[in-house]
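Shown next, in structure tokens, is the structure this report addresses.
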Amino acid sequence: MTTTAPTTAPAYDTEEIQDAGHVDVLIVGAGVSGIGAAHHLRDEFPDRTFVILDAQDNRGGTWWTHRYPGVRSDSDLFTYGYRFKPWRGPSIAAGDAILDYLDEVIKEDGLEQYIRYQHRVTAASWSTGDRRWSVEVTRDDTGQRLRFTTSFLWMCQGYYNHAKPYRPQWDGMDRFQGLLVHPQRWPEDLDLAGKRVVVIGSGATAATLIPAIAAEAEHVTMLQRSPTYYFAPPTTHELAVQLAPLDLPDEWTHEIMRRQYMMQFHWLARTSFEAPDELHAFLIESMRPLLPEGFDIDKHFTPRYRPWQQRIAMVPDGDLFASLREGKASIVTDTIETFTEHGIRVSSGEEIPADVVVTATGFNMSVLGDVAFTVDGEPVDFTERVTWRGIMINGVPNMAYVFGYFRHSWTLRVDLVSDLVIRLLANMQDKGATMVVPTLRPEDADMQRRPFSDPENFNSGYVMRSQHILFKQGDREPWTHMIEHEQEREILPKADLDDGTLVYR
Ligand SMILES: Cc1cc2nc3c(=O)[nH]c(=O)nc-3n(C[C@H](O)[C@H](O)[C@H](O)COP(=O)(O)OP(=O)(O)OC[C@H]3O[C@@H](n4cnc5c(N)ncnc54)[C@H](O)[C@@H]3O)c2cc1C
């Protein structure tokens, strides 16, 4: 491999592409998914060669990109952690602790030597004649262009563009004299002492950031167009408290806590479909005692959608509500009319003064890392393709991707998808096949194409904004995805890899 960063970057001719060699499996992304995929690959196929490419200059994906104050998981770390690596901390963890956990996996599996940072994959071309992918890469540090070849491409690129966060344009933004910040690009030296801060947004990021900066800032206003569901679980689960004195092996505690949280989240997901009104009432009423006396809960905390149609934002130990009770934070629910020189005016006419405006407005989704795919010289238009079990794409050979759960911990799916990919590689080996392509059967030819996400099921803003660039799903297995973990943990391990929808050659 010729990809170690030189200390002084030479100037490269950007037209020239250097051969970076061949690997059996090429993993794109060194986040939770890519590191998990590499673990399973090493475990099951220790002799296969592989490399992990990531555009960023460090590991962790999401947890490296997002380093704003207070950044933490929404999920418990027993299910957000891998099945194979016990989590030893409190249920909800700070971003740093998650990076430490990933570092331990990297170290224990000896993965560091296989990761190439600042390697941005720009194009991937499959050749049936050669039975391999040719993967084009640009090094963000040197500008050098490289070409890897691989027999199997494992896309672990996450779901959003790490370089370009989503920020809507509002009237008057250019005349605002304060500082505009996006949580995806948090300035390391930002001093909020004595500053009036407005955080635009109502999702998990806003809920996390506000209590973390409220003590330092003069005041923080959460400005939301519409409310989100919140739930305030304890940072440490009461079952973990009970288990602590028993001095159990870490593996046992990890497994017991995983099962506990899975059961809890399965209940939550099921109830959101079967008894949405009861769940709505439960979530609203559980917030009431945590809010200041007389707080307008209908206006600020009563969403217009069914619970779980968008992610429920977790507020561990109710820290957001404590900031509201202490008067360090407040909420305005209204639409932005215009930015002014010194703040934001909303439709009611109220002007909210601001020295700093944080746009916690979310992501731009990206389709498979914005890589330009071709198969035998034909560009792949993903909007015309359907997913195979949320793991492969019809007509795209030897490529799997990882997309985690929306309503459950992302990582639960990393382990399940990895198991299936490993089974698939073993099946190819047994058959002596060098190629596997998800292919619509004759009976699937007229299958109804459904959007990536049915808005009735899940309709978060970032998904709805991106439906037009995303691949589709069909109306039957195995051409569907976004199946709840409770069902999928049964379905995927038993999925028939010889049902005619995967063609081996
Ligand atoms: C602040 C925040 C909190 C979250 N909390 C939770 C939570 O509590 N629970 C939960 O389940 N989910 C949570 N999520 C969702 C989170 O994104 C996933 O849980 C998970 O981290 C995704 O991991 P990943 O490895 O698939 O992708 P990412 O973390 O997005 O990492 C993908 C990596 O691939 C790289 N990459 C992408 N395209 C290319 C390319 N073309 N070439 C080279 N490299 C590329 C990127 O640089 C990145 O480093 C949260 C998201 C955010 C932003």
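Whatever order the structure lists them in is the order used to number ligands and atoms, beginning at 1.
- In terms of N/O distances under 3.5 Å, ligand 1 is approached by Ala55.
- Looking at Ala204 against ligand 1, nothing comes within 4.0 Å, counting heavy atoms.
- For the ligand labelled ligand 1, residue Arg59 lies outside the 4.0 Å heavy-atom shell.
- The ligand atoms of ligand 1 that sit less than 4.0 angstrom from a heavy atom of His408 are 11 (O).
- Checked against a 3.5 angstrom limit, the closest N/O atoms of Phe363 and ligand 1 fall outside it.
- Among all non-hydrogen protein atoms, the one lying nearest atom 33 (C) of ligand 1 is Asp54 OD2, 3.4 Å.
- Partner Arg120 forms a salt bridge (Lys or Arg N to Asp or Glu O under 4.0 Å) with one of Asp141, Asp57, Asp140 and no other, that one being Asp140.
- Judged purely by distance below 3.5 Å, without hydrogens or angles, the side chains of Gln310 and Thr228 never pair a donor atom with an acceptor atom.
- Remark: aromatic rings of Tyr160 and His162 are close, center separation under 6.0 Å.
- Between Ser73 and ligand 1, no pair of N/O atoms sits closer than 3.5 Å.
- Of the heavy atoms in Tyr68, only side-chain atoms (C-beta onward) come closer than 4.0 Å to ligand 1.
- Contacts between Arg311 and ligand 1, counted as non-hydrogen atom pairs separated by less than 4.0 Å, involve the side chain only.
- The nearest protein atom to atom 31 (O) of ligand 1, hydrogens excluded, is given as Gly61 CA, 3.4 Å; this is a heavy-atom distance.
- Between Gln56 and ligand 1, a contact under 3.5 Å exists for at least one N or O pair.
- Rounded to the nearest 0.5 Å, atoms CZ (Arg306) and CD (Glu456) are 5.5 Å apart.
- Scanning all protein heavy atoms for the shortest distance to atom 12 (N) of ligand 1 gives Tyr80 CE1, 3.8 Å.
- Ligand 1 places these atoms under 4.0 Å from at least one heavy atom of Ser409: 11 (O).
- Judged by the shortest distance from any of its heavy atoms, Tyr159 lies inside the 4.0 Å radius around the atoms of ligand 1.
- Judged by the 6.0 Å and 45° rule, Arg311 forms no cation-pi pair with Phe406.
- Salt-bridge annotation for Asp250 and Arg88: present, with a side-chain N of the basic residue lying under 4.0 Å from a carboxylate O of the acidic one.
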Query raised in the report: Hey, mind stepping through Arg83 and Asp419 against salt bridge (charged side-chain N to carboxylate O under 4.0 Å, His left out) and telling me if it holds?
Result: CA-CA 11 Å; Arg83 178 179 72 204; Asp419 290 344; 2.8 Å; yes
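- Nearest protein heavy-atom neighbour of atom 30 (O) of ligand 1: His162 NE2, 2.7 Å.
- Of the N and O atoms on the side chains of Ser151 and Asp24, not one donor lies less than 3.5 Å from an acceptor on the other residue.
- A donor-acceptor pair is defined here as one N or O able to donate and one able to accept, closer than 3.5 Å; such a pair exists between the side chain of Asn398 and the backbone of Val436.
- In the vicinity of Val371, heavy-atom distances shorter than 4.0 Å reach the ligand 1 atoms 41 (N).
- Nearest protein neighbour of atom 39 (C) of ligand 1, counting heavy atoms only, is Val28 CG1, 3.9 Å.
- Tested against Phe452, the residues Tyr462, Phe403, Phe382, Phe458 include a single ring pair (Phe, Tyr, Trp, His ring centres under 6.0 Å) partner, Phe403.
- Judged by the shortest distance from any of its heavy atoms, Gly404 lies outside the 4.0 Å radius around the atoms of ligand 1.
- An N or O contact shorter than 3.5 Å links Asp74 to ligand 1 by distance.
- Counting the atoms of ligand 1 from 1 in the order shown, those under 4.0 Å from a heavy atom of Ser33 are 23 (O), 24 (P), 25 (O), 26 (O).
- Among protein heavy atoms, atom 2 (C) of ligand 1 sits closest to Thr62 CG2, 4.0 Å.
- In Arg225, the CZ atom is not crowded: 12 or fewer heavy atoms of neighbouring residues, nucleotides or ligands sit closer than 6.0 Å.
- Between Tyr305 and Tyr229, the distance separating the two ring centers is shorter than 6.0 angstrom.
- From the protein, the heavy atom lying nearest to atom 7 (C) of ligand 1 is Ser75 OG, 3.4 Å.
- Residue Glu104 qualifies as enclosed at atom CD: its count of foreign heavy atoms under 6.0 Å is above 12.
- Close approach of ligand 1 to Arg120 (heavy-atom distance below 4.0 Å) involves ligand atoms 42 (N), 43 (C).
- For Trp388 and Tyr401, the ring centers are positioned 6.0 Å apart or more.
- Short contacts between ligand 1 and Gly369, defined as distances under 4.0 Å to a heavy atom of the residue, involve ligand atoms 38 (N), 41 (N).
- Close placement of the Trp87 and Tyr101 rings is indicated, their centers lying within 6.0 Å of each other.
- For atom 37 (C) of ligand 1, the choice among Met155, Arg413, Gln157 with the nearest heavy atom turns out to be Gln157.
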Query raised in the report: Passes side chain to side chain donor-acceptor pair (under 3.5 Å), Asn364 versus Arg167? Steps please.
Result: CA-CA 9 Å; Asn364 285 309; Arg167 176 185 280 159; over 6 Å; no
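- Of all protein heavy atoms, the one closest to atom 5 (N) of ligand 1 is Trp63 CH2, 3.5 Å.
- Listed by number with element, the atoms of ligand 1 under 4.0 Å from a non-hydrogen atom of Gly158 are 26 (O), 27 (O), 30 (O), 32 (C).
- For the pair Met314 and ligand 1, no heavy-atom separation below 4.0 Å is found.
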